[in-house]
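Let me begin by presenting the structure, written as structure tokens, before commenting on it.
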Amino acid sequence: MSEVPGDAVERAQVLRQTLEQHNHAYYVLDAPIVSDAEYDQLIGELEAIESQYPALRTPDSPTQRVGGTAIAAFEPVRHAVPMLSLGNAFEDEQVLAFDQRVAQTLRGAGQLNGPEVAYFCELKLDGLAISLRYERGVLVQAATRGDGQTGEDVTHNVRTIGSIPRRLAAHAPQTLEVRGEVFMGQADFEALNQAQAQRGEKVFVNPRNAAAGSLRQLDPKVTATRPLRFFAYGWGQCSEPLAPTHDQVLDWLSCLGLPVNQAEHALVQGAQGLLAYYREVQARRSSLGYDIDGVVYKVNDLAAQKTLGFVAKAPRFALAHKFAAELAQTKLLGIDLQVGRTGAITPVARLAPVFVGGVTVTNATLHNEDEIARKDVRIGDTVVVRRAGDVIPEVVEPVLALRGSETKAFQMVSQCPVCASAIERPPGEAVARCTGGLFCAAQRKQSLIHAASRNALDIEGLGDKLIEQLVDKARVQSLADIYGLTAQELAGYERMGSKSAQNLANAIAAKREPPLERFIYALGIRHVGQSTARDLARSFKTIEQLMAANQEQLLAVPDVGPVVASSILRFFEQSHNREVIEGLLAAGVKPQAPELGRGQSDFAGLTFVLTGTLPNWTREQAAQAIMAAGGKVSGSVSKKTSYVVAGEDAGSKLARAQSLGVAVIDEAGLQRLLGAPE
DNA sequence: GGGCCTCGAGATCA
DNA sequence: CTCGAGGCCC
């Protein structure tokens, strides 16, 4: 390092600063200060200095934008604060309902000053969500959304995106996670496709997929040639206190050098303000120059956002108002029947390929036989197909005017198309089910596919084609058998060479100690989804205790009612289900009890009661913190109470908690649960 | 559900 | 070299 002359160090620093300014002017402000040639000359000079003195080549240097070396794989990244999804609305009524719910909650909490709620409005860009992590102002990591908790490291590619600063302004906080959307403009997309076609390479079907594909390149040099853009719309972890409102925080992000789509933002009052914004954006949608699939509304006041809290995976303070789905007409070629994990028989429409909503649709669900009858859809009909952004394509109705004489009405079968068991449809229910249970190969396969899936045990490399083979060859009957598979025997299956087999064997071994909630969810108990599985894991701590639970204990779990409870009891009553679990435990699978402390701040499904005087917090502050983490605060202790937080001079509530056997913690205990500050 | 990228199996060719 | 499978994005 000492060999680098001081003037080179200085010159490199000046060049870097100048280049970052030009980048900002060009990409963020869309107002270049210098010509491309001048820019190239500057970057060339910096490049020369850096190659002469490699010690000066820092990862945040503008020269590194063109792309470093290819990586071997996308590493998982755990988000410090989860990346949530948003609730959706398609109709005005849903927006009115959202506003009413918000207003009511805030009025109840005394946080509504004035007659209407103040909302922040923005465009919902059609790209992919990204989280950028800055430490001491330097971009250190970029990750995709993933399942919201854990995404993939795409730092190498994100560094090549011009509008994403590699270094923030000097007053940047110690740590800052910025959330935003990576996307591609329509003109850039067209130009890219033209260039791709000229080179004889594949053209992309729409800007979103082009952007997504560009970010999933192993070699950042490819990404560097793709015209990707970025707008910040939110944040995760931040080491400094934030301004009190959403718009102010975004202004601050903008001052730090991040691109924020301020020209399209609006602050409005109440539901009518939201709808007016929606209409105004809708009218200008085609002239924006980039794809959007709707608009997003957020309660502007951050304290109010905290009060509103979260449901499952989405904040209650925000709503995505999506544009109406696109429609198209095509021919219904046939109706296939699919047998699901629970035996549900779903009719699926096979369609003549048709381009709608940015993709080519060939399949669409028809839900159930009543829906087919209600819509009077017949095989051979010309039908209207609907598809909106991320919504699964749907057959809306037949075009009766175009109905020929060759149409055929759909007839539900009476036997399972896979195992020939009787099909039952309980009165009052819409779905017909195969009664074969795990005797039915389709149900066995589907339950295994479910168990291996990303939200359940997340066994990479165990896809549906392989499961199909394993079940057909009778090698695998139940989940427990999966853990007995060796690399050696796996290598004997179709499309499984020694490499794939070893990878899968490793993936299976790596999931031998799954979190209990994933284990429970993987079992595929009817009515037990991810969030119920989590509640059950928290309440019972071990699979043995869950299996031994009676109706009363199950009903004491938050959000578990009679239907869910009896479904769980019925599941564990069946000996083959118990055998599967025993087999799993015998195979060395050890579900891990949930850890509530240690930095985890997800209280969904937990109810707290505060009593007595806490040493450092007012009751109000403690309640705020609990609700911000997704928990509920209640006034009285019952069996459903998860924790009683007791301070000094706690009275009858503490006594009642003790008599009911409810866990009692003090303020320090609560802070541990909330995840003590890092 | 559809589109994208990557990995690796398996075919093909030299 | 091609292409199917799997994983990930919306």
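By convention in this document, chain letters (A, B, ...) are assigned in the order of the sequence lines, proteins followed by strands, and residues within each chain are numbered from 1.
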Any residue in residues 204-211 of chain A with a heavy atom nearer than 4.0 angstrom to DNA chain B? Just list them by number, or reply none. A:F204, A:V205, A:R208, A:N209

Nearest-nucleotide 5' precedence on DNA chain B, A:T360 against A:I71: A:T360

Mapping A:V348 and A:V203 to their closest nucleotides on DNA chain B, which lands nearer the 5' end? A:V348

How many Å lie between [atom1] on [X] and [atom2] on [N], as a whole number?
X	N	atom1	atom2	result
A:R454	C:dC8	CZ	C1'	6 Å
A:I130	C:dC10	CD1	C1'	13 Å
A:I459	C:dG6	CD1	P	13 Å
A:M184	C:dC9	CE	P	17 Å
A:D291	B:dG3	CG	P	15 Å
A:R226	B:dC4	CZ	C1'	10 Å
A:E326	B:dG1	CD	C1'	15 Å
A:L128	C:dC10	CG	C1'	8 Å

What's the separation between atom OH in A:Y233 and atom NZ in A:K298, rounded to the nearest 0.5 Å? 7.0 Å

Reported CD1-to-CD1 distance for the pair A:I372 and A:I335, which is rounded to 0.5 angstrom: 4.5 Å

A:H367 vs A:E394 side-chain heavy atoms within contact, under 4.5 Å: yes

Is the shortest heavy-atom distance from the side chain of A:P393 to the side chain of A:V356 under 4.5 Å? no

With a non-hydrogen cut-off below 4.0 angstrom, is [X] in contact with a base, only sugar-phosphate, or nothing?
X	answer
A:T362	sugar-phosphate
A:A129	sugar-phosphate
A:G146	sugar-phosphate
A:A72	sugar-phosphate

Does A:R279 come within less than 4.0 Å of A:D92, counting only side-chain N to carboxylate O? yes

Before accepting this row, confirm whether a basic side-chain N of the pair A:K465/A:E468 lies closer than 4.0 Å to the acidic partner's carboxylate O. no

Please output the side-chain donor-acceptor pairs of residues 490-509 of chain A that fall under 3.5 Å, not counting sequence neighbours, one pair per line with the distance.
| unit_1 | atom_1 | unit_2 | atom_2 | d |
| --- | --- | --- | --- | --- |
| A:Q502 | NE2 | A:N506 | OD1 | 2.9 |
| A:N506 | ND2 | A:Q502 | O | 3.4 |

Among B:dG2, B:dC7, C:dC10, the one nearest A:L218 by side-chain distance: B:dC7

Among C:dC8, C:dC9, B:dG1, the one nearest A:T144 by side-chain distance: C:dC9

Side chain to side chain contact (heavy atoms under 4.5 Å, CB included) with A:I345: of A:N368, A:L337, A:V418, A:V431, only one passes, and it is A:L337

Audit row: A:K445, A:D472, salt bridge (Lys or Arg N to Asp or Glu O under 4.0 Å) steps and yes/no: CA-CA 9 Å; A:K445 287 172 190 168; A:D472 287 346; 3.1 Å; yes

Could you run through nucleotides 8-13 of chain B and give me one letter per nucleotide, 5' to 3': B if any protein heavy atom sits under 4.0 Å from the base, S if only the sugar-phosphate is that close, - if neither? BBS---

For the residue pair A:Y521 and A:H450, categorise the inter-ring angle as parallel (less than 30°), tilted (30 to 60°) or perpendicular (more than 60°). perpendicular

